[in-house]
Amino acid sequence: MTDPALSESLTAVRERLAAALHAAGRPDDDARLLAVSKTKPAAMIREAWRLGQREFGENYVQEALDKQAELADLDDIVWHFIGPLQSNKSRIVAEHFAWIHSVDRERLARRLDAQRPASLGPLNVCLQVNISDEASKSGISLAELPALAEAVHGLPNLRLRGLMAIPAPCADPDEQRRPFIRLREALESLRTRLPEAPLDTLSMGMSDDLEAAVMEGATLVRLGTAIFGARQRP
Ligand SMILES: *Cc1c(COP(=O)(O)O)cnc(C)c1O
C-alpha cells in the first residue's frame with residue numbers, strides 16, 4: 001500500500017519541526033516526533049513506519065492492544081501511552097508500552113511500578129501537569145508536582161523522564177508560549193531538586209502549537225491531525 005497523502009503530510013510535519021528547531025536556534029535532532037495514531041487504523045501506522053516513523057502515541061488501551069497485535073512484526077516500534085489512564089487498566093500499559101506521558105497521581109505510579117515486567121526494563125514516565133489551571137483538564141498542579149516527582153523517582157521500575165502538558169487551545173502564538181514556559185521552568189526546578197533523575201523530556205506541542213512548544217524547549221512533540229488527518233471520534 002502506498003498512501004501519497006500520508007507521505008506528504010509526514011514530510012510536511014518533519015519540515016515544520018526542522019524549521020521550528022532552526023528558528024529556536026536548536027540542533028536538528030533536539031526534538032523528536034511522536035505520531036499520535038489514536039482512532040487511526042493499524043495500516044496507517046504501518047505506512048508511517050515504512051516512511052521511517054518509529055514512535056507512536058495511543059490514548060485508548062484496548063484500541064492500542066488491537067493495533068499492537070496487528071503490528072507485532074515491527075519490532076523496533078516504540079509505543080507511548082498518552083491518554084488518561086484508569087488505575088484498573090494500568091497493567092496493560094505496564095506490560096505493553098515503553099512510555100506513559102499521563103501519570104498524574106502516586107497511586108497510579110505505584111501500580112505501574114508493581115506491574116512492570118522486569119524483562120522489559122523500566123517504564124519511561126512523564127508526569128502530566130495541569131498547566132492552564134483549567135478544572136476540566138487532567139494533570140497534577142504545579143504545587144503538587146515536586147512530591148509526585150520524588151515519589152516516582154523512588155520507584156525502581158519507572159524512569160522519570162520529564163513532564164507533559166496539554167494547554168488550553170489558543171490561536172495566538174505569543175499566548176501559546178506562556179504555558180510552555182511554565183512547563184519548562186517546572187522541569188528546570190525538578191532537575192535541581194532531583195539531580196540524579198534522567199529528566200530529559202518535555203512532551204509538549206501538538207498540531208496547532210508545535211512552533212511555540214519548540215521555541216520553549218519541547219523535546220517530544222505529539223502530532224496527530226497534521227500527520228494522519230482529522231479524527232472521526234473525539
Ligand atoms: C490527540 C492528542 C494529541 C494530538 O493532537 P493533534 O491536535 O491531533 O495533533 C497530542 N497529545 C495528546 C495527549 C492527545 O490526546
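In this text, all values refer to a predicted model and were calculated from it rather than measured experimentally. Whatever order the structure lists ligands and atoms in, that order sets their numbers, starting from 1. Computed over heavy atoms, backbone and side chain alike; hydrogens, waters and symmetry mates excluded.
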Please test Leu34 against Leu223 for side chain to side chain contact (heavy atoms under 4.5 Å, CB included), starting from the C-alpha separation and ending with a verdict.
CA-CA 6 Å; Leu34 179 63; Leu223 276 77; over 6 Å; no

For Lys67 and Glu70, what are the C-alpha separation, side-chain angles and deciding distance, and is it a salt bridge (charged side-chain N to carboxylate O under 4.0 Å, His left out)?
CA-CA 5 Å; Lys67 289 190 253 183; Glu70 269 190 70; over 6 Å; no

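Counting protein heavy atoms only, atom 9 (O) of ligand 1 is closest to Ser207 OG, 2.5 Å. What sits closest to atom 12 (C) of ligand 1 on the protein, heavy atoms only, is Ile82 CD1, 3.6 Å. Here the heavy atom of the protein found nearest to atom 10 (C) of ligand 1 is Met206 SD, 3.3 Å.
Salt-bridge formation is detected for the pair Arg32/Glu55: a Lys NZ or Arg NE/NH1/NH2 atom is positioned less than 4.0 Å from an Asp or Glu carboxylate oxygen. In summary, Glu216 and Arg184 engage in a salt bridge, as defined by a charged side-chain N under 4.0 Å from a carboxylate O. Using a 4.0 Å cut-off between charged nitrogen and carboxylate oxygen, Arg182 and Glu185 do not count as a salt-bridge pair.
Contacts between Lys38 and ligand 1, counted as non-hydrogen atom pairs separated by less than 4.0 Å, involve the side chain only. When non-hydrogen atoms are compared, ligand 1 lies under 4.0 Å from the side chain of Asn59 (C-beta onward) but not from its backbone.
Close contacts between ligand 1 and Gly224 involve ligand atoms 4 (C), 6 (P), 8 (O), 9 (O) [criterion: under 4.0 Å to a heavy atom]. Counting atoms of ligand 1 from 1 in the listed order, those under 4.0 Å from a heavy atom of Thr225 are 6 (P), 7 (O), 8 (O), 9 (O). Taking a cut-off of under 4.0 Å to the non-hydrogen atoms of Leu223, the atoms of ligand 1 that pass are 9 (O).
The nearest non-hydrogen atom to atom 11 (N) of ligand 1, considering only Glu58, Arg231, Arg222, comes from Arg222.
Looking at Ile166 next to ligand 1, no N or O pair under 3.5 Å apart turns up.
In this structure, Asn88 places its CG atom where more than 12 heavy-atom neighbours from other residues, nucleotides or ligands lie under 6.0 Å away.
Between atom CG of residue Leu160 and atom CG of residue Leu199 there is a gap of 4.5 Å, rounded to the nearest 0.5 Å.
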